[in-house]
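Remarks on the structure that follows.
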Amino acid sequence: MAERYDFQAIEKKWQDYWAENDVFRTEEDSSKEKYYVLEMFPYPSGKLHMGHVRNYSIGDVTARYMRMKGFNVLHPMGWDSFGLPAENAAIKHGIRPDNWTWDNIAEMREQFKSLGLSYDWEREVATCHPDYYRWMQWIFIQFFNRGLAYKKKNPVNWCPSCQTVLANEQVVDGKCERCKTPVGKKELSQWYLKITDYAQRLLDDLDKLTGWPEKVKLMQKNWIGRSEGAEVTFTIEGFEKKLQIYTTRPDTLFGATFMVMAPEHPYVKELVEGTEYQKAVDEFIDKLQYLSDIDRSSTTLEKEGCFIGRYALNPLNGKKIPIYIANYVLMDYGTGAIMAVPAHDTRDFDFARKYGLEIIPVVDPKNPDIDLNDLQEACPGEGTLINSGQFDGLGNKEAMKKIIAYMEEKGIGKGTVNFRLRDWLISRQRYWGAPIPMIYCEDCGWVPEKEENLPVMLPTDVEFTGKGQSPLTTSSTFGDAVCPKCGKPARREMDTMDTFLDSSWYFLRYTDPKNESRPFDREKADYWMNVDQYIGGVEHAILHLLYARFFTKVFHDMGMISAEEPFENLLTQGMVLKDGAKMSKSVGNIVSPADIIKKYGSDTARLFILFAAPPDRDLDWSDTGVEGSYKFLNRVWRMVLEIIENSEADEKASVSSDDDRSLNYEMNKTIKRVSDSFATGRFSFNTAISSIMELVNEMYRCKQSAAPNYPLLRETAEKLVLVLSPFVPHICEEMWQKLGHQTSVYYESWPAYDEEALMLDTVEIVVQINGRVKMKAMVESGLSREELTEKMMADEKVRELTDGKNVTKVIAVPGKLINIVVR
RNA sequence: GCCGGGGUGGCGGAAUUGGCAGACGCACGGGACUUAAAAUCCCGCGAUCCUUACCGAUCGUACCGGUUCGACCCCGGUCCCCGGCACCA
């Protein structure tokens with residue numbers, strides 16, 4: 001009797017059924033409200049890991065629930081299929097990257113299907129397919145035509161292991177995000193996208209993203225790093241060029257006692273050329289070159305500098321101050337030069353101490369503990385201006401405005417805004433990416449390939465050495481081109497695009513995946529956008545999510561879509577851990593989804609992963625926990641089958657006994673709680689499942705009573721199957737069929753709950769004395785504060801408890817509790 | 001250093017946001033069924049104390065203090081863990 005359900009047969013049966021009947025096919029339908037749920041598409045490594053299972057289970061539950069709620073649901077899947085691993089496979093094993101990738105995609109698609117995910121596979125996209133990268137190239141050209149793509153020679157981040165450049169976003173702790181190799185600098189001519197043009201909008205619109213975790217918005221805000229300040233022009237003695245500096249504290253201008261330039265500053269060479277300082281300066285710069293970026297930017301690195309023998313004049317008071325170069329001033333922020341105010345900046349203070357430079361306080365914090373004439377540390381806070389000529393006595397906030405206004409009037413400075421965000425370096429010296437569709441002509445410069453010639457196909461006659469330049473350069477024909485403008489022989493760009501471009505618009509391609517004349521049709525995109533719910537790992541909080549927002553805004557400006565933001569609601573799911581550590585090969589704690597599915601079935605895998613923790617938290621994998629989920633499904637299965645055996649499909653259920661009422665209550669409560677768990681931004685699937693478990697326990701209790709009400713149990717079982725079906729679809733399809741239904745449970749409506757059944761005749765009231773629980777009592781529900789007080793104070797047991805005591809106060813909370821304060 | 005998030009039984013986690021702390025599950029213990037085991041069904045399960053037992057009492061949500069009739073929840077301070085940013089002028 002205690003036989004287990006045959007999950008292998010059942011899951012196969014329904015997966016086939018869904019595929020054969022196109023159950024998950026989605027069409028635009030203006031008569032229905034749409035819902036677009038999207039999980040971040042995977043890189044097709046070939047093997048599913050638990051993080052995937054978690055990500056896609058969360059999305060699938062949501063998609064299935066919204067479908068049952070009557071929405072027209074778009075739930076697509078595709079492949080972020082350009083990228084390094086394919087190329088590394090080519091270098092190591094001599095396999096063609098395209099073959100390697102397509103094989104992996106096929107394998108992974110099967111694994112997804114074995115999870116029972118409700119994707120519309122008709123809309124599948126792969127970024128490495130020419131039909132996709134053709135439009136990627138088209139988009140790049142639009143960026144170029146709008147002045148949002150440009151080529152520039154610059155020191156760039158260079159990963160010596162990947163042999164390619166990296167975007168700032170891909171350098172984490174000074175190391176390559178992918179291979180963890182320390183990143184160096186290399187002077188290269190590279191393509192950039194002008195994301196800085198959108199910095200302010202990307203920052204401002206974060207406020208609109210009310211469905212995003214605060215944490216992610218904050219991370220983006222910090223990354224964009226807006227700061228307000230002023231650019232000030234300093235004159236250098238005996239040098240015709242002016243020195244621009246950026247400061248966020250123009251109020252401290254009178255306290256500037258020296259200047260510091262970045263060692264890479266273009267003026268430095270000119271300023272020391274032929275002077276007695278040249279040698280020392282060169283040596284200093286030389287020494288710095290041996291430092292890696294990590295060391296260079298470390299806060300613990302001692303500040304070191306070198307006087308260059310020149311003086312600048314403070315434009316406000318004409319004071320003559322020495323100019324240094326130092327390791328703590330960076331060329332790529334602001335203007336690459338600063339005025340140093342040691343009294344009010346900790347870095348300048350350290351530097352001044354070390355080199356014995358003057359410290360002039362100009363902002364008085366009015367703190368008796370601080371002796372302004374003998375500062376022990378910089379005081380960067382607010383205060384009143386001193387030693388600042390006509391600005392003395394002003395609050396420093398006010399002085400900031402006044403000084404900026406004064407400088408603007410005199411033409412010696414202006415208020416400016418600076419961003420930490422840099423333009424996005426997108427060229428990669430790699431093969432497996434979309435070729436940048438640009439052609440260099442001696443006469444015309446950089447010219448985009450003609451639209452009718454797109455896509456610029458990846459050549460196949462290439463060598464993979466893994467060294468230096470893009471493999472595209474080894475093709476015998478790829479580089480040859482004619483200038484699209486003047487027709488003269490020209491050279492094609494050899495670099496490919498960063499794969500983060502591919503993933504910056506795939507969610508739009510899903511809305512119109514087969515369009516051959518445009519990336520997507522505006523009408524279709526406008527019907528489906530925005531993505532109502534986006535789900536993925538928090539590791540994309542900055543990179544992908546910022547780039548996708550950037551693209552969406554550019555598309556909006558180009559008139560391609562109405563949307564200005566791509567993702568309405570965002571869920572960042574936690575990691576899957578084992579024994580408290582991230583699953584990884586090196587730790588050897590990997591649990592393979594394939595093994596779990598084989599042993600317990602995908603329903604069990606899904607159930608466990610949704611039950612073990614709330615989606616946004618890390619989840620600790622537990623083998624016994626999985627076992628528990630499996631047991632629960634078997635428990636449901638046995639019970640439902642037994643109920644079917646003991647009842648008829650159309651029997652009318654009555655609610656008469658206490659057990660009946662209790663079961664009815666529990667059922668409605670469960671429907672309510674599960675429904676609530678899907679409310680936007682909640683995702684409390686773990687508690688939703690726990691309340692379903694409570695319902696099952698209650699059903700068992702009723703079933704085991706002397707006279708089980710099988711018609712009511714059958715009715716309850718139907719509801720149970722419905723609420724359980726988004727979580728564990730296969731077993732529910734099977735039970736739904738056994739309950740006598742002909743169609744897929746996926747097409748059923750989500751059950752409503754009966755508000756009245758949730759109203760109980762009596763409620764339990766907690767009786768506290770001085771805040772301590774002393775007893776509980778049942779009273780009729782709906783009593784007012786006064787009625788409750790009166791009733792409880794008249795209660796015999798309450799009187800016993802308060803006997804001989806002086807009741808000073810009674811607090812009553814209707815339907816909940818009463819607290820009697822005694823002395 | 002700055003900015004976030006967090007700290008609840010043996011474990012994963014609940015607690016409708018100020019109203020019964022520990023739902024649900026795992027692990028563990030006990031019982032039923034069985035020749036036996038597994039599976040299944042039922043019961044128990046924060047700590048300490050009292051009691052033959054029932055009944056009960058005290059303590060308990062990282063730590064210290066405060067507000068309140070009442071605090072896991074609010075306020076002030078401390079410690080620890082996780083994440084992000086970091087010579088950004």
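Proteins come first, then strands; the chains are lettered A, B, ... in the order of their sequence lines, and each starts at number 1.
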How far does the [atom1] atom of [N] sit from the matching atom of [M], given to the nearest Å?
{"N": "B:U51", "M": "B:A37", "atom1": "C1'", "result": "39 Å"}
{"N": "B:C54", "M": "B:C49", "atom1": "P", "result": "16 Å"}
{"N": "B:C26", "M": "B:A14", "atom1": "C1'", "result": "15 Å"}
{"N": "B:G9", "M": "B:U48", "atom1": "C1'", "result": "15 Å"}
{"N": "B:A23", "M": "B:U8", "atom1": "P", "result": "16 Å"}
{"N": "B:C79", "M": "B:C11", "atom1": "P", "result": "25 Å"}
{"N": "B:G10", "M": "B:G5", "atom1": "C1'", "result": "26 Å"}
{"N": "B:G4", "M": "B:C41", "atom1": "C1'", "result": "49 Å"}

Closest to side chain of [X], choosing from [options]:
{"X": "A:T624", "options": "B:C87, B:A89, B:A27", "result": "B:A27"}
{"X": "A:E694", "options": "B:G19, B:A23, B:C26", "result": "B:A23"}
{"X": "A:P614", "options": "B:G13, B:C85, B:C24", "result": "B:G13"}
{"X": "A:T687", "options": "B:A15, B:G25, B:A57", "result": "B:A15"}
{"X": "A:Y700", "options": "B:G4, B:A89, B:C42", "result": "B:C42"}
{"X": "A:T247", "options": "B:G13, B:A89, B:A23", "result": "B:A89"}
{"X": "A:N686", "options": "B:A89, B:G19, B:G13", "result": "B:G13"}

Please determine whether a side-chain nitrogen of the Lys or Arg among [X] and [Y] lies less than 4.0 Å from a carboxylate oxygen of the Asp or Glu.
{"X": "A:D659", "Y": "A:R701", "answer": "yes"}
{"X": "A:K791", "Y": "A:D795", "answer": "no"}
{"X": "A:E358", "Y": "A:K319", "answer": "yes"}
{"X": "A:E698", "Y": "A:K669", "answer": "no"}

Given side chains that start at C-beta, do those of A:L724 and A:I731 come closer than 4.5 Å, heavy atoms only?
->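 The answer is no; the side chains never approach within 4.5 Å.
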
For residues A:V779 and A:E787, determine if any side-chain heavy atom of one lies less than 4.5 Å from a side-chain heavy atom of the other.
-> no

Look at the side-chain N and O atoms of [X] and state whether any lies under 4.0 Å from the OP1 or OP2 oxygen of [N].
{"X": "A:R635", "N": "B:C41", "result": "yes"}
{"X": "A:R347", "N": "B:C88", "result": "yes"}
{"X": "A:N697", "N": "B:C24", "result": "no"}

Ignoring hydrogens and angles, does a donor from either the side chain of A:R422 or the base of B:C88 sit under 3.5 Å from an acceptor on the other?
->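 Flag set: donor-acceptor pair detected.
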
Record whether the side chain of A:E764 comes under 3.5 Å of the base of B:C20 through a donor-acceptor pair of N or O atoms.
-> yes

Take the protein atom [atom1] of [X] and the nucleotide atom [atom2] of [N], then report the distance between them rounded to whole Å.
{"X": "A:N634", "N": "B:C41", "atom1": "CG", "atom2": "C1'", "value": "14 Å"}
{"X": "A:E642", "N": "B:U40", "atom1": "CD", "atom2": "C1'", "value": "12 Å"}
{"X": "A:D332", "N": "B:C88", "atom1": "CG", "atom2": "P", "value": "12 Å"}
{"X": "A:K631", "N": "B:C26", "atom1": "NZ", "atom2": "P", "value": "7 Å"}
{"X": "A:L817", "N": "B:A21", "atom1": "CG", "atom2": "C1'", "value": "14 Å"}
{"X": "A:Y246", "N": "B:C87", "atom1": "OH", "atom2": "P", "value": "16 Å"}
{"X": "A:L695", "N": "B:A23", "atom1": "CG", "atom2": "P", "value": "18 Å"}
{"X": "A:K669", "N": "B:C24", "atom1": "NZ", "atom2": "C1'", "value": "11 Å"}

Please check if atom CD in A:Q704 has more than 12 non-hydrogen atoms from other residues, nucleotides or ligands closer than 6.0 Å.
-> yes

Using a 4.0 Å heavy-atom cut-off across all strands, classify [X] as base, sugar-phosphate, or nothing.
{"X": "A:D350", "result": "nothing"}
{"X": "A:F611", "result": "base"}
{"X": "A:R673", "result": "nothing"}

Dot-bracket line, read 5' to 3' along RNA chain B, where crossing pairs take [ ] and | marks a partner on another strand, Watson-Crick or G-U under 3.5 Å = (((((((..(((......[....))).(((((.......))))).((((......))))..(((((..]....))))))))))))....

Pull out every residue in residues 334-343 of chain A that has a heavy atom closer than 4.0 Å to any atom of RNA chain B, ordered by number, or say none.
->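 Of all residues in residues 334-343 of chain A, the ones placing a heavy atom under 4.0 Å from RNA chain B are A:I338.
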
When rounded to the nearest 0.5 angstrom, what distance separates CG in A:L577 from CG in A:D618?
->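 Those atoms lie 4.5 Å apart.
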
Syn/anti state of B:U58 by chi, 90° boundary around 0 = anti

Which way is the base of B:G9 turned, syn or anti, if we draw the line at 90° from 0?
->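 Syn for B:G9; the angle stays within 90° of 0.
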
Parallel, tilted or perpendicular for [X] and [Y], by the 30°/60° rule?
{"X": "A:Y5", "Y": "A:W637", "answer": "tilted"}
{"X": "A:Y355", "Y": "A:F351", "answer": "tilted"}
{"X": "A:Y547", "Y": "A:W424", "answer": "parallel"}
{"X": "A:F685", "Y": "A:F727", "answer": "perpendicular"}

Decide salt bridge (charged side-chain N to carboxylate O under 4.0 Å, His left out) for A:D676 and A:K672; before the verdict, give the C-alpha distance in whole Å, the side-chain angles of both, and the deciding distance to 0.1 Å.
-> CA-CA 6 Å; A:D676 288 350; A:K672 178 171 168 34; 3.2 Å; yes

Comparing nearest nucleotides in RNA chain B, the 5'-proximal residue of the pair A:D348, A:I689 is A:I689

Residue whose closest nucleotide on RNA chain B lies nearer the 5' end, A:G628 versus A:K215 =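 Nearest-nucleotide comparison on RNA chain B picks A:G628.
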
Scan nucleotides 69-71 of chain B against the protein and return all N/O pairs shorter than 3.5 Å with their distances rounded to 0.1 Å.
residue : atom : partner : partner atom : Å
B:C69   : OP1  : A:K809  : NZ           : 3.3
B:C69   : O2'  : A:N819  : ND2          : 3.3
B:C69   : O2   : A:N819  : ND2          : 2.4

Taking it one step at a time, do A:D332 and A:R422 satisfy salt bridge (charged side-chain N to carboxylate O under 4.0 Å, His left out)?
-> CA-CA 9 Å; A:D332 59 356; A:R422 307 295 147 82; 3.1 Å; yes

So, A:D423 and A:T196: side-chain donor and acceptor under 3.5 Å apart, yes or no?
-> yes

